[in-house]
K.L.:
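Handing you this structure, nothing more for now.
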Amino acid sequence: NDNTMSNNFTAGIDLKYNITPSLKLESTINPDFSVIEQDDQIANLTRFDLNFPERRNFFLENGDLFNNLGARNINPFYSRIIGSKSDIQFGLKLSGKVSNKIGIGILNAQTESTNSANGQNYLVAVGRRKISKSITSTSYLINRQELKKNNIENTYNRVFGLNLNYISTNNKWLGQLNFAKSLTENTSKNNDFFHAALSYSTRNWSGTSSTSLVNKNYITDVGFQPRLYNYDAIQNKTTRTGYIENFTEIIYSNYNIKSDKRDKNEHKFRFNTYLNSNLKLTEEAIEMVNIFWRKDLSYYFVNFNFNHNNLQFATDILKNGKPLPLDIYNTAYIRIGYISPPTNKAFSFQNRFQYGGFYNGDRFGWEFVTNYRLQPWANLSANYNLNAINLKQYGKDTIHTFNFSGSVFFNNKFSWTTIAQLNTQNNNLGYSLRLQWEFSQLSFAHLVITDNFSANDLHRESTGIALKINYWLDI
């Protein structure tokens, strides 16, 4: 066993200045995110990466300017990329409105060089203008530039685009058009992205349809578009492939005005289709969703799903060295569940089940989520997921994930939070303890203890203790 221990002391500074009531300048030097809340443990049963939310305040404030530049599952800017491989040295952000019709956002961040990776400079510039009561335009530029000892390397990725959004005066019609192009060294063709969407909504009926075209060289190093990259578990290589996606949804709502308990029945039909660059059908999902709402906003649902998957790349879903081969997989499954009222009651819960086909075999899933509030002293929440998967000759497995968060508030200045997590798919078991004291207005002292173990044999993988003190000056 290689046991190592390291200690370090760091200091940083955050600055905020309100240029106008609606335009803010922010900077951070040597930021520390050790007290940021951890991501939930989730079992990944897809061929693609998962999208986790941003939790760092520097990127969250006025985040709507930066984070809604693309379409569903195709985002040219995903702020969690910044700082994922090496620490951030500094960041600068100007965001807000310069007038009632114009909003701007400029973000620049620099990461440090390490023994294994050069530093990267990230620049995002966004301009949004309200052309009329119905039309808003957004233009943007996203740049990643590699630096080696502060010298510019010929390794870069740049994305620029234009979005047009339409909303009718009666709010029934919504429309969107997107165009973007990426520039990467040694790549000059098939680097475009197109998207069009149209939605209509009334009290009883609503619908939306969108189509996206992603060319294979539309590379967004600071973005999130996982379907562009396809890993083949047999050939052990990743291939970029362009695709066309269409998503269509039709919703009918039937209100029960005369009922004292029932509110409405909601029926949704969803169609999600993927074609490759040769217009060959590679994947299709058809879903019928039935939601039965009650007056207290609780509801239960019954969903029927059909999936067609013309698998183009061998996939090791269970990560057991037995990848599923290229083939056509047609499956059907059902999902049912109940969600309790989201009221001020102390206890609430959600309960969901799924059973049916999964590639060449079957899958049973169960999810239970609960929350207990003992105001004003404590808040406890937990969620548990079970996935029992049988892929016949390609293996079977039962995957468990568990997330617990409990906070105790001794007073309005002093609190204790415990987080515990389990993910058998990633063989991870861990916990963190955080003691927080607000010793002055907006100024905190945090003591954080973390421990991570192998879920199989409880071997300790890592442990850490961090003390962070931040003091806010209002000048």
Side-chain angles (χ1 to χ4, degrees), residues 7-10 12 14 31-43 52-61 63 80 296-298 338-352 366-386 400-424 426 428-455 458 460-474:
N7 301 285
N8 60 73
F9 172 81
T10 61
D14 296 335
D32 176 74
F33 303 114
S34 59
V35 298
I36 299 299
E37 186 178 345
Q38 296 170 294
D39 293 317
D40 283 347
Q41 291 292 322
I42 300 175
F52 288 94
E54 178 61 81
R55 300 183 184 275
R56 299 169 294 182
N57 285 333
F58 178 76
F59 297 100
L60 285 175
E61 294 190 27
R80 287 189 58 136
D296 60 3
L297 298 183
S298 67
Y338 173 78
I339 285 75
S340 69
T343 62
N344 293 325
K345 294 181 180 179
F347 179 74
S348 62
F349 71 95
Q350 303 174 23
N351 205 10
R352 300 178 178 91
W366 176 41
E367 178 185 16
F368 185 77
V369 181
T370 184
N371 179 261
Y372 180 74
R373 289 176 292 180
L374 184 61
Q375 293 182 338
W377 305 110
N379 185 33
L380 307 176
S381 62
N383 68 72
Y384 170 72
N385 276 267
L386 177 147
H400 306 269
T401 63
F402 175 76
N403 298 276
F404 168 82
S405 177
S407 296
V408 178
F409 308 97
F410 302 103
N411 53 45
N412 59 355
K413 302 286 186 180
F414 195 52
S415 66
W416 177 276
T417 299
T418 298
I419 295 176
Q421 297 180 321
L422 168 69
N423 188 333
T424 61
N426 297 334
N428 179 256
L429 172 66
Y431 71 87
S432 69
L433 309 174
R434 182 176 66 186
L435 191 64
Q436 177 176 295
W437 173 40
E438 185 180 4
F439 58 87
S440 182
Q441 187 175 10
L442 298 178
S443 300
F444 298 88
H446 305 268
L447 177 64
V448 181
I449 301 173
T450 59
D451 236 339
N452 286 283
F453 302 85
S454 166
L458 298 183
R460 174 175 276 132
E461 302 287 346
S462 64
T463 187
I465 301 176
L467 175 63
K468 179 180 179 180
I469 300 174
N470 66 286
Y471 184 71
W472 185 256
L473 291 171
D474 191 2

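Quick caveat: nothing in here was measured; it's all calculated off a predicted structure.
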K.L.:
So, Glu438 and Ser443: side-chain donor and acceptor under 3.5 Å apart, yes or no?
P.N.:
no
K.L.:
Just distance, no hydrogens or angles: give the donor-acceptor pairs under 3.5 Å from side chains in residues 414-423, sequence neighbours left out.
P.N.:
unit_1: Trp416; atom_1: NE1; unit_2: Thr418; atom_2: OG1; d: 3.0
unit_1: Thr417; atom_1: OG1; unit_2: Ser407; atom_2: OG; d: 3.1
unit_1: Gln421; atom_1: NE2; unit_2: Asp39; atom_2: O; d: 2.6
unit_1: Gln421; atom_1: NE2; unit_2: Asn403; atom_2: OD1; d: 3.3
unit_1: Asn423; atom_1: OD1; unit_2: Gln425; atom_2: N; d: 2.9
unit_1: Asn423; atom_1: OD1; unit_2: Asn426; atom_2: N; d: 3.3
unit_1: Asn423; atom_1: ND2; unit_2: Gln41; atom_2: OE1; d: 3.1
unit_1: Asn423; atom_1: ND2; unit_2: Ile42; atom_2: O; d: 3.4

K.L.:
Where is the tightest heavy-atom contact between Glu461 and Ser454, given as atom of each residue plus distance?
P.N.:
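Of all heavy-atom pairs spanning Glu461 and Ser454, the closest is OE2-CB, 3.5 Å.
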K.L.:
In this structure, are over 12 heavy atoms from other groups packed under 6.0 Å from Ile465 atom CD1?
P.N.:
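For Ile465, atom CD1 is not crowded (no more than 12 foreign heavy atoms under 6.0 Å).
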K.L.:
I need the Asp14 CG to Leu473 CG distance, nearest 0.5 Å.
P.N.:
12.0 Å
K.L.:
Under the side-chain contact (heavy atoms from CB on, under 4.5 Å) rule, what do Glu367 and Gln350 come out as? Steps first, then yes or no, please.
P.N.:
CA-CA 8 Å; Glu367 178 185 16; Gln350 303 174 23; 5.6 Å; no
K.L.:
Around atom CZ of Phe410, are there more than 12 heavy atoms of other residues, nucleotides or ligands at under 6.0 Å?
P.N.:
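Enclosed: over 12 neighbouring heavy atoms sit under 6.0 Å from CZ of Phe410.
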K.L.:
Tell me if the aromatic rings of Tyr384 and Trp366 count as close, with their centers under 6.0 Å from one another.
P.N.:
yes
K.L.:
Counting only heavy atoms from other residues, nucleotides and ligands, does the tally under 6.0 Å from CH2 of Trp472 exceed 12?
P.N.:
yes
K.L.:
Quick one, Ile339 and Arg352 - any side-chain contact, counting heavy atoms below 4.5 Å?
P.N.:
yes
K.L.:
Testing Asp451, Asn452, Thr450 one by one against Thr463 for a side chain to side chain donor-acceptor pair (under 3.5 Å), which residue passes?
P.N.:
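Of all the options given, the one that passes is Asp451.
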K.L.:
Check ring-ring contact (aromatic ring centres under 6.0 Å, His included) between Tyr338 and all other residues, then give those that pass, not counting sequence neighbours.
P.N.:
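Partners of Tyr338 under the ring-ring contact (aromatic ring centres under 6.0 Å, His included) test: Phe349.
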K.L.:
Could you grab the distance from atom CG of Asn383 to atom OG of Ser381, nearest 0.5 Å is fine?
P.N.:
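One finds 7.5 Å between CG of Asn383 and OG of Ser381.
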